Every structure is written in C-alpha cells, then in structure tokens.
Amino acid sequence: MIKEINILGKHGWQYIPDLEDVTLPETFRGRPVISDAITNEEAVRLKECCPVYAIETSPVFSIHLGKCLFCGECSHVCPDRIRFTNDFRMAVTREEHLVIKAGSAEPVYPDVLAIRPEIRRLFRHSLKLRQVSAGGDNSTEMELNAAGNVNFDMGRFGISFVAAPRHADGIVLTGPVTANMAHALRMTWEAIAEPKILVLAGTDAISGGLFLKNTAIDRSFLSSIKPDLYLPGNPVHPLTVIHGLTALMGVRIRGGIPRK
Amino acid sequence: MKDTLIISDTSLPVSLAEIPVTAYALFRQRVLTAMADENMHCVSYFAFPDDGEYRFICILADDQTHQLCLMGHRDQGPFLSLTADNPAFHVFEREIYERTGILPEEHPWLKPLRFSVDRQNSHKGMDHYPFFNIAGDELHEVGVGPVHAGIIEPGHFRFICHGEKVLHLEIQLGYQHRGIERMMESSRGGLSHALLAESIAGDSVIGHASTHAAVIETLSGSRLSASLSIERAVALELERIAMHTGDSAALCADVAYQLGQVVYESLRTIIINTTQRWCGNRFGKGLVRPHGTWFPLNEDLGRIICNNLDAVMERLLPMVDRLFTLPSVVSRFDGTGAVSRSQMLAVGAVGMAARSAGLKRDIRWSHPSMPWKETAFQPVVLETGDVMARAMLRKIETEQSVSLIRHWIDQIKEQAGAIEQPDYQRTLLPDALAVQLTEGWRGEICHVAITDKHGKIMCYKIIDPSFHNWMALALAVRMQEISDFPVCNKSFNLSYCGHDL
C-alpha cells in the first residue's frame, strides 16, 4: 500500500486540463505558412522536391495537408518561403479546406456548415468509434490510442473506441486502404448502424500518401462514401484528433477541468 | 569459385559478381551444415529475376565470428526445400514460392505468406487461406480479426480449442500489404525511399530508417561520421525505451493492473515528447536521412534528453519494483506463454523474444556498427521464455539503454564537428549489394539492396524481426488458456505492417 501511495505521489496529475492551451515545441511540424513572395523558379523547385505531389503551383502556390507527409523537406529547400508552424489545429470537414495557399496565415478550422445536423444532435455527448487500420504503419494507430491515455484523456468528452462495429457510431480509418483489407473495411462499415460517421486519420488515409499509385492499394471504398472529418498528420497528433472530433460534435474544449 | 563469401565489414559494398552461385545441391548442403551451429542464423534469403531465371541469395549471420556468410544459387524449377531439414527457413521459402512460383519440395507448411500483389497465383486471395484443422466433436474454433477489438493493425487469428485450452493457433497475415519492397525499386528516388523506409513500421521508424540510410550510404561508398552514428544510436535507444515502456503499459492493461498501465503510459509520453522536441515528430519521422541530418544532436538537446530520462527513471523504478512483486501481476505473467530455447532456435526467432528464452541474439553485440563497436555492450539474456521474461527483459533493457544514451551524450561534448546535411542525389555503385543489420527494439532489422549495371536499385529486400517471430507467438499460446492470448500477444508485440510490407 505504501508503495502504491509513493508511486501515485510521484505520478501526480498527468492530464492536460485545458487542451486548447497547449503549445507544442517549435520543432513540431504542423500547419504550414507559405510566403506569397515565392518566385516561379522557387515554386518549380519546391514542387519537384515533394515526393507525394502535395505542392501545386497553379492557380496559386499551395500545399495540400491531406497529401503532405510533413517531412519538412520543402522548408529546407526554401526556408524563407515555407515554414511549418507548431499549430496542431489542422482538422477540417471539407476536403478543399486542406489546401493551404501562399500568403495565408489563417488558422484552419472545421466548417460547421459542412457537418450533418444529425451528428451534433445524436453524438454531442457520446461518440463511440471503431478503428479500422487498412495498411496503416501503426504510428497513427498508436496516436489514436494515446488520445485516450492519461495525458490527453479524450474520454472526458465522451469519445472512446469500442470493440465492435455494432457498438459504434462510426469508423476512424487509418492507412492507405490495402487491397487485402478492402473487403474487411467495407464489411465493418456495413455493420455499423445509421447514422454513422467516417473519419480519415493521417495522410495515408486521406490521400493514400506515398502509396497512392500502388496496385496493392484499393481505395474504391472512399469513392462511394464522403468522409465527415479529415485529420492531417503523419502520424496525426493526439491533439489534432481531439480538436477535430470535439469540433465535429460541437463540444467546447476550452476551459477544461480545473485541477482541485 | 568459392561456395561462400564471408564479409566482416558491412559498411563496404559487395560486388555482385563476387557472390557465389553454386549448384543447388551444394548450396543446400553448405547452408544446412552451417546452420547446424546454433551461433548461425539466417538473416535474409530471397530471389530476384536475373536473365530469365531467378537468382537466389542467402545471408547467414555468425554470432561468434561477427561475420556474414553469403551464398547463392540460380534456379527456374523446383528444388528440395531447406525447411524439410531446418524449420527456420519456412517463412523465407514460403515467400519465395509465393512470389516466384518455384516450388520448395517437401516443405511441411507451404502456406500463403501475405498474398502479395506480385504473387504468382493471383486467382487466390485473402479469403482462400488454407487453415489447418483438427477433426473432433469436442473441439471448437475461434476466429479473431482481421479488425480487432482495440486500436491495432489487422490480422486474422484462428484458434483450435478444447474447452478453454488452445491446442493450435494459426495466424493469417497480409492485410497490411502495401507493396513497399516493389516501391523501393521503382519510386522517384532518394527522398521518397527515405520516407518509405520510415513507414515500413511506424513503431520502428528509427530502426528501419537508419538501416535504409546505412544501405544507401554503403552503396554510395561513403562513411558515416562519428557524430552522425552517435545521433542515430541515441535515437534508436530512445525508440527502444519508448516502446518497451508503452508495451509494459499494455501488459499491465491486459492483466487489469490499472496503476501500472497509467504510470507507464504517462512515462512513454515524456519519452516520445523528447523525440518530438528533437525532430518535430513523436515517432522520429524526419530525423534519419541518408548522408546527414536536419536535426543535429547538440549539447543542449543532449541535456534535455538526459534530464527527461532522469525524470522518467525516478518514476519508473518504484513502479517496476511494485509491478514485479505484486502477486496479482506475477501470477498472470509467470509461466504464461513459455517458448523454450530449442523452439526459438527451431523457428529462427530473433531479438527480444529470442533473448527472453536464453538465445543470445543481438546485433548490437554480434554484428555491431558504430558506436556499439566502441562500447562494451553485453545483451540481456533471460532463461524462462515466458511473459514474465519478456516483461522483465523490457525493464532491464530500458535501464541499459538509458545508461548507453548517457554515455554517448557525454561524448558529444567533446566532438563538435561540421554538420552534414542530407543528400538524396548521390550516385550508387553499379552491380553491387549492400546488407545492413540494426537491432531495433523488437529485434534485428535487415535491409539488402542490389543495384543493376546503371547503379539503379533493382532489388530491395526488407526483413523485419516480426517476419522471424510470428511463429514463436503461435507456439507460445499452445496449451494455454485462450484468455491468456492478449497478454501473450502483447508480450511479443509483433508488427503486422513490418511483416506484410
């Protein structure tokens, strides 16, 4: 008993009381900011350096957060032009909002109007999710686990992952969707009762990432179902996950729970 | 021509012409004779198309002499399998058969491995796996997966049970197959290869990325600077500490010991946040690049790492002390999921799992690269091979890794040299082979790259430790209660994507 008290004493309070009030280290690569002073020559060079075609040069220079692997290589090619900020708030509800244009330093927020009304009506106080990994490399999966751990404590908002599709309100999909997993993914989706949501977590799930043009990948599932939430990252940070899911549910996370 | 090529320094490329090609009968005899010595094990055995035939290369590691032995043959038709005499080859020959269609005759367990996209028999897919079955009115089967109850990668487990007792477990993998090896041979080049290497297994980012970088550096004929090799070693040991701590949390969760779970979880957060502070990513993505680094390990960072490790150890030690004396935990760990030394040897197990059962296999000791070469390092070897041994091994290895990191960070202060930046454009030597081994937290990671006459990578072979070890998990649960499967599984914590590639 004394041992346990000693351990608990050292353990202390581990949860982050206010998840809005967190500053990640400067090294963290989150939402990029692109200078509008970018020249044509630089734009071409930057586009060429990106192995996942996340950079577009026309009509304006932009980075697609759903394609970006956040490797930061472009920010090394032109450090004056591209900077990855430590802003983890990158979750969006519309795919077009994943595109960060040159000159825009605005934070990214989910568009409330794009959220189906039944999601907020039914899931506001409780959102139970099924996780399907379909070729995920296990880093996003571990971050989804971490979102529910003692530090980030996603359970305080009524969000948790459940052990069966029959108990779930939707799927959080990770990985580029391998052909070998395509059937099981579809079956899991069909086993969930309506209304249900689809969340794409991580670059691999959103765009296929590096694996997009690979024949071992079968993304036909995503051609028929429109995702409700996109969570960019490689892997997606637990704070991005919680920020996105609570925004979808319409739950305020500011303020949090006071310590004592 | 010699029948075996012996190499002692893997940082030098091997000319493809020097690698022996012998008649299969001689090859088979040489391999089996060598493998009769238990200090030898197979790190890679694969085939690649060459002049209308397949060329096979087998790489054996000798733990005593610290050397690698390369042998090879060239074949089109069926041959007598090595597995018939040495079961450790079962998984290599299954892969070769799946991809080339060349039949290893008398293979006792010739099951599909992962239904890879380049398989010969494309009529059969994931739904056609031929499961082993036992007839009997008193037996029942339990199927689990591919989608599991928690947040975990997919795989299918088929148990044959008598009551609560598991008689047999068969594990069907392949759901995670992304075709990484083929992409390594065809992608756009340097940077995309480095990014692919990072996503082979997201829990072993440093392990795979540094093995890949070393392969590329070897093929470009360059030598790694001391500071860069120390940086990678520190990152690798940090990854080991983080994963061992996270696995300890999961082991506690599986035996319903909540205090252990939350304490270990919060300690893992500190460790991976340290990696995030260093390179901007909690798993180390972006940290390891060929020929250089964007995130040099300087004195300031070294101090932060050491301080954070101090904070972790201060809370870890009392937790460990409690965990391994608590009867409710000990009774669930002790004797559960035991795999004997001879079983580990037979299936060719590596890394942590092998060391937990008395098998001394650790690349950091047997085939050390820099800076392990200059560090007196002895692997931790335990005897019982059960869940307790694998939990205890994590504890001891964590302490060992912390002291290794402190030792190397002390050295950084002495050598502030020029910082090399990554380089993705260097040309690779033509007609050459490079093989690199790294002891990741799970076990040995082996990458082999072969270039063609233009210096383009024509064959890239990745072996994750999970490739060797999945069969050991299947053995571990035999005659166990099926309710002990989760804790057995977690004690190995094998990679699905690392296996399926």
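Everything numeric here is computed off the predicted structure, so don't read it as measured data. Numbers restart at 1 for each chain; the letters A, B, ... are given by sequence-line order, proteins then strands.
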Exercise. Who in residues 79-88 of chain A is close to chain B, using a strict under-4.5 Å heavy-atom cut-off?
Worked result: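 From residues 79-88 of chain A, none sit under 4.5 Å of chain B.
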For this session: Please look at Ser204(B) and chain A and tell me whether the side chain, the backbone, both or neither of the residue comes under 4.5 angstrom of a heavy atom of that chain.
Result: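 The answer is neither part of Ser204(B).
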For this session: Name the region of Arg277(B), side chain, backbone, both or neither, that has any atom closer than 4.5 Å to a heavy atom of chain A.
Result: both
Exercise. Parallel, tilted or perpendicular: which fits the ring planes of Trp294(B) and His76(A), with parallel below 30° and perpendicular above 60°?
Worked result: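 The arrangement is parallel - the two ring planes meet at less than 30°.
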For this session: Flag the one option from Gly202(B), Ser116(B), Gly145(B) with the top tally of heavy-atom pairs under 4.5 Å to chain A.
Result: Gly202(B)
Exercise. Looking at Arg178(B), Glu265(B), Met126(B), His177(B), which one has more heavy-atom pairs under 4.5 Å with chain A than the rest?
Worked result: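 Between Arg178(B), Glu265(B), Met126(B), His177(B), the count favours Arg178(B).
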To check you understand the geometry: which heavy-atom pair defines the closest contact between [X] and [Y], and what is its length?
X         : Y         : answer
Ser199(B) : Phe211(A) : OG-CZ, 3.9 Å
Gly179(B) : Asn214(A) : O-ND2, 3.8 Å
Cys71(A)  : Leu195(B) : CB-CD2, 3.6 Å
Ser139(A) : Lys285(B) : OG-NZ, 3.3 Å

Problem set entry | Pair Thr269(B), Asn151(A): side-chain N/O donor-acceptor within cut-off below 3.5 Å |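 Side-chain D/A pair, Thr269(B) to Asn151(A): present.
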For this session: Answer with yes or no whether the side chains of Gln131(A) and His148(B) bring together a donor and an acceptor at under 3.5 Å.
Result: no
Contact class of [X] relative to chain B, heavy atoms under 4.5 angstrom:
X         : result
Thr215(A) : both
Ala164(A) : neither
Pro238(A) : side chain

For this session: Nearest 0.5 Å please: distance from the CD atom of Glu73(A) over to the OG atom of Ser192(B).
Result: 11.0 Å
Exercise. Taking everything shown except His123(B) itself, do over 12 heavy atoms lie less than 6.0 Å from its NE2?
Worked result: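 At most 12 heavy atoms, drawn from other residues, nucleotides or ligands, come within 6.0 Å of this atom.
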